[in-house]
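Data first, discussion second: the structure below is written as structure tokens.
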Amino acid sequence: MPQHPGDPAGRIEPHFDNEPQGAAKPGGGIAARALAAASRAHDVADYLGGLNPEQREAVLTLDGPVLVLAGAGTGKTRVLTTRIAHIISQGKAYPGQILAVTFTNKAAREMKHRIGDLIGGNVEGMPWLGTFHSICVKILRRHAELAGLKSSFTILDTDDQLRLMKQIIQAEGLDDKRWTARTFASIVDSWKNRALTPEQVPEGEARAFGNGKGKKLYAEYQERLSILNAADFGDLLLHTITLFRNNPDVLAEYQKRFRYMLVDEYQDTNIAQYLWLRLLAQGNPNVCCVGDDDQSIYGWRGAEVDNILRFEHDFKGAKVIRLERNYRSTSNILAAASHLISHNEGRLGKTLFTDFEDPDADRVMVASSWDSEEEARTIGDEIEALQSKGHRLNDMAILVRASFQMREFEDRFVTLGLNYRVIGGPKFYERMEIRDAMAYFRCVAQPADDLAFERIVNKPKRGLGEATMKIVHGLARAERIPMMEAAGILCQTEELRPKARTVVKSLLTDFDRWRDQVETMPPTELAEIILDESGYTEMWRQDRSAEAPGRLDNLKELVRSVGEFETFAGFLEHVSLVMDRDAGVDDDAISLMTLHSAKGLEFDTVFLPGWEEGLFPHQRALDESGRAGLEEERRLAYVGITRAKHRARISFAVNRRIHGMWQSTVPSRFLDELPEDHVEVIEPNSSYGGYGAGGFGGYGASRFDNRDPFQSTYSTPGWQRAQRSRSSGSGGFEGRSRFAERNHRQGPKTIEGELVAKSVSDVPSGFSLGERVFHLKFGYGEIASIEGNKLTVDFDKAGRKRVLDSFVERH
DNA sequence: CAATTACTAACATGG
DNA sequence: TTAGTAATTG
């Protein structure tokens with residue numbers, strides 16, 4: 001987002017120069033001495049008191065590289081924050097000389113808060129505590145010219161990124177269906193995760209995309225970004241690294257500055273982040289990385305578990321400290337998690353233990369339900385039961401694999417009147433009206449922002465359609481200038497039709513006027529003026545659709561939140577970097593979030609629904625990353641279970657709706673990897689028990705059913721046999737086999753995460769109109785229409801439904 | 001140029 | 001199922 005036009009970093013952070021270097025040594029500067037004395041008087045043991053010996057060592061070993069292997073719930077954040085407090089109170093460094101990196105804004109906030117508690121004061125003095133991205137932005141804004149940008153550069157979000165890429169793919173004359181922007185984005189992303197500029201990308205790798213034009217497209221994309229004075233998320237790191245490499249003096253400045261460096265969640269760093277850290281650490285070796293290889297769940301984002309495995313090698317003389325004493329969970333929960341994760345290979349290996357032995361503690365519960373709706377219902381009931389026993393909703397969470405699972409829970413909670421909050425769900429700043437409004441603001445702050453301009457030229461309708469924009473776009477491209485500038489030039493000529501010309505002219509003067517007001521007007525007021533004068537608010541007022549009032553509310557909320565910032569630019573930056581907003585934390589509500597965003601949190605009770613093959617482990621993880629993908633999924637399961645302090649409740653549904661069609665599922669292999677002694681299987685309630693015990697009605701595929709072949713873990717012969725028998729359709733488990741036999745079209749099947757077969761079936765269904773069929777969920781019915789393997793059936797009881805043919809049988 | 005309709009792909013995970 | 005885009009028509 002545009003930032004501080006004409007005034008770079010000065011306002012963003014304290015100046016480098018006026019801090020005494022000697023501060024690094026105890027007693028160096030007067031201020032340092034005073035600070036140290038003050039906190040010594042406070043009593044050092046104050047904050048060291050509650051630490052166990054390992055934690056204490058991790059805090060006290062200030063000099064030289066340290067790797068803290070911290071299992072789930074072992075007090076990792078505590079160590080980090082105490083360590084920072086210790087550095088400061090010992091006068092080893094100023095807060096401004098400590099670099100502390102986290103992955104999420106949430107974690108950064110939490111840390112700031114806790115440090116504040118420790119050293120008893122505010123922590124504005126920690127300007128370099130933040131996410132990799134926000135710290136990189138800070139550095140880039142200071143030295144933007146060296147990275148080929150202006151300090152006011154915009155940070156593009158994924159959406160803008162895709163639109164830009166699509167334009168570039170089309171401009172190259174490629175078919176944007178065959179070579180999608182999405183694919184290209186993920187390729188470019190993977191390059192940037194490895195800190196590769198267009199010149200550095202390996203020839204062979206780039207050729208695979210866009211008829212061998214991959215490299216050219218990447219270069220073109222970067223070129224466009226710099227014309228737009230914009231950077232995407234990957235660029236924030238990439239540019240900082242190139243900046244450091246090409247400007248040793250700048251690098252040296254930062255090396256000298258950061259006396260101590262701390263990295264949270266080190267297992268999630270990618271190559272670029274690692275290189276970034278290495279560059280800075282060349283100056284001094286006081287690097288402390290904290291992580292847990294068992295909680296590495298961002299491999300798809302380029303994270304290299306290797307970074308943590310190689311730490312001792314990369315940072316010579318590193319001290320490795322293990323934290324294995326868990327303060328969070330009951331022994332049942334720990335046992336379940338440990339047993340599950342032990343199925344992974346290539347771990348550093350930690351054994352969590354706890355003194356928290358409670359003979360009455362609940363075991364980990366595993367329950368099944370007929371379909372995802374019932375799953376939500378059951379969990380809802382259980383929540384209410386807990387609530388009536390005096391548990392608070394704030395102490396409970398539902399952790400799902402994919403966000404689409406949330407809907408059913410939301411629906412249920414609304415009908416129950418249960419308070420809930422979605423964390424990391426559909427984001428406020430991703431709503432259409434907010435993005436539109438933001439686009440207006442961006443155009444004001446950063447006139448070169450074509451993507452924003454294109455978004456709002458004709459919103460509200462101004463009669464500027466494709467034709468007009470094509471002319472503007474053409475000139476902009478030819479002259480390599482921003483579109484607004486091009487539009488301005490075109491207004492002086494005869495090229496645009498008179499009607500279009502006057503409209504464009506007035507829009508441009510509007511923008512000029514707003515731009516003039518940036519300096520003089522309070523941000524809130526300006527935001528309001530822009531939205532009013534542009535006619536954007538009016539557009540929604542005229543709109544008679546159901547969403548319109550809500551959108552107007554959101555706009556109001558947006559304007560209100562502008563007021564929390566001192567400058568307009570500061571607001572824009574916040575939005576682009578911090579997409580999450582703190583929801584109302586005051587009231588009691590159950591949290592609903594993905595497993596990914598649950599990392600680092602803990603709850604008394606944790607619900608883990610949707611443990612089904614294909615969903616968890618996710619099919620795509622298996623297909624795309626094979627065994628590694630499976631192991632990452634398993635780590636995700638581990639993260640999920642270890643979030644629970646007292647109760648973990650796992651469940652799966654026998655039927656789930658995918659793309660609006662009901663499909664039956666197979667229980668997750670992870671269920672079979674839980675230790676029987678610490679797990680309690682809840683009997684399915686009677687509502688669907690009618691299909692016979694041990695048959696389809698139970699969890700046919702689970703080893704909790706003693707007689708079936710799924711006795712053991714996925715790697716055993718039993719599992720493999722079962723998988724084989726399923727994919728060949730010859731009846732792995734009784735109840736289901738009568739459906740599987742006739743129609744073995746079950747999609748790609750995996751054994752141990754390796755792709756076995758991908759069947760793309762367009763075989764006609766073999767059913768005919770009017771035929772009577774039977775479906776497990778809906779009962780008897782008559783086929784109303786057939787499209788490929790999709791049937792529309794009028795069921796006697798359930799009404800008209802669309803189902804896959806493999807889930808009904810002739811009757 | 002805009003509105004309506006038809007079609008198709010998506011339901012990973014995030015800064 | 002639904003959201004997003006392409007094609008068609010006024």
Side-chain angles (χ1 to χ4, degrees), chain A residues 101-108 130-137 155-159 161-163 166 176-177 180 182 185-186 189 192-193 231-237 265 268-270 272-273 296-303 372 399-408 423-427 429-430 432 458-470 497 499-500 503 574-580 593-599 610 612 614-625 629 632-633 635-636 639-640 656-663 787-788 790 801-803:
Chain A
V101 204
T102 63
F103 270 80
T104 61
N105 297 299
K106 201 165 52 187
T131 62
F132 272 105
H133 296 273
S134 65
I135 289 170
C136 283
V137 172
I155 301 162
L156 295 188
D157 62 24
T158 326
D159 210 69
Q161 194 184 354
L162 288 175
R163 280 196 295 149
K166 191 170 176 184
D176 63 333
K177 284 273 172 53
T180 64
R182 183 160 270 311
S186 73
D189 228 42
K192 289 185 177 175
N193 286 338
D232 63 22
F233 276 110
D235 282 338
L236 299 180
L237 267 152
E265 309 282 11
D268 288 333
T269 48
N270 59 35
Q273 288 158 337
S296 160
I297 53 175
Y298 286 103
W300 53 274
R301 210 168 76 184
S372 40
L399 312 182
V400 296
R401 173 66 246 263
S403 48
F404 72 88
Q405 291 172 261
M406 292 182 188
R407 227 188 94 178
E408 262 148 338
I423 296 176
K427 309 238 171 47
Y429 294 114
E430 281 167 15
M432 186 221 295
N458 206 26
K459 252 183 213 187
K461 299 259 163 348
R462 298 190 173 92
L464 299 172
E466 225 178 300
T468 315
M469 290 320 292
K470 218 170 187 163
R497 286 177 305 119
K499 225 194 295 168
V503 176
H574 172 82
V575 172
S576 57
L577 282 176
V578 187
M579 295 296 276
D580 59 331
M593 67 189 99
T594 65
L595 285 161
H596 281 90
S597 48
K599 194 164 67 160
E612 297 134 33
L615 177 60
F616 192 34
H618 201 281
Q619 191 62 47
R620 274 189 35 192
L622 264 37
D623 290 348
E624 285 163 22
S625 312
E632 183 156 314
E633 295 288 295
R635 289 194 291 269
L636 201 48
V639 168
R656 188 172 290 280
R657 197 169 17 193
I658 299 168
H659 300 323
M661 255 168 321
W662 286 96
Q663 296 199 230
E787 310 139 57
K790 292 166 195 154
K801 302 275 178 191
R802 298 227 305 161
V803 295

Between B:dG15 and A:Thr158, is there an OP1 or OP2 to side-chain N/O distance shorter than 4.0 Å?
-> no
Using the P atoms only, state how far B:dT13 lies from C:dG4, rounded to an integer number of Å.
-> 15 Å
Pairs under 3.5 Å (N/O, protein and nucleotides 9-11 of chain B):
none

When we call it a touch if two heavy atoms are under 4.0 Å apart, what does A:Thr104 touch: a base, just sugar-phosphate, or nothing?
-> sugar-phosphate
Indicate, with a heavy-atom threshold strictly under 4.0 Å, whether A:Arg462 touches base, sugar-phosphate, or nothing.
-> nothing
With the side chain of A:Asn105 defined as its heavy atoms from C-beta on, choose the nearest nucleotide among B:dG15, B:dC1, B:dA3.
-> B:dG15
With respect to the phosphate group of B:dA12, does any side-chain polar atom (N or O) of A:Thr594 fall under 4.0 Å of OP1 or OP2?
-> no
Ignoring hydrogens and angles, are the base of B:dT13 and the side chain of A:Arg401 linked by a donor-acceptor pair under 3.5 Å?
-> yes
Qualifying residue, where the test is side chain to side chain contact (heavy atoms under 4.5 Å, CB included) with A:Arg656 and the options are A:Gln663, A:Glu612, A:Met661 = A:Glu612
Check every strand shown and say whether A:Phe103 touches a base, only sugar-phosphate, or nothing at a heavy-atom separation below 4.0 Å.
-> sugar-phosphate
Counting any heavy atom closer than 4.0 Å, what does A:Glu633 reach on the DNA or RNA strands: base, sugar-phosphate only, or nothing?
-> base
Phosphate OP1/OP2 of B:dC1 contacted by A:Asn458 side-chain N/O (<4.0 Å) = no
Over how many whole Å does the gap from A:Glu265 atom CD to B:dT13 atom C1' extend?
-> 15 Å
Along DNA chain B (nearest heavy atom to each residue), the more 5'-positioned of A:Ala467 and A:Glu624 = A:Ala467
Can A:Tyr298 be called stacked on B:dT13 when the rule is centres closer than 5.5 Å and an angle between planes below 30°?
-> no
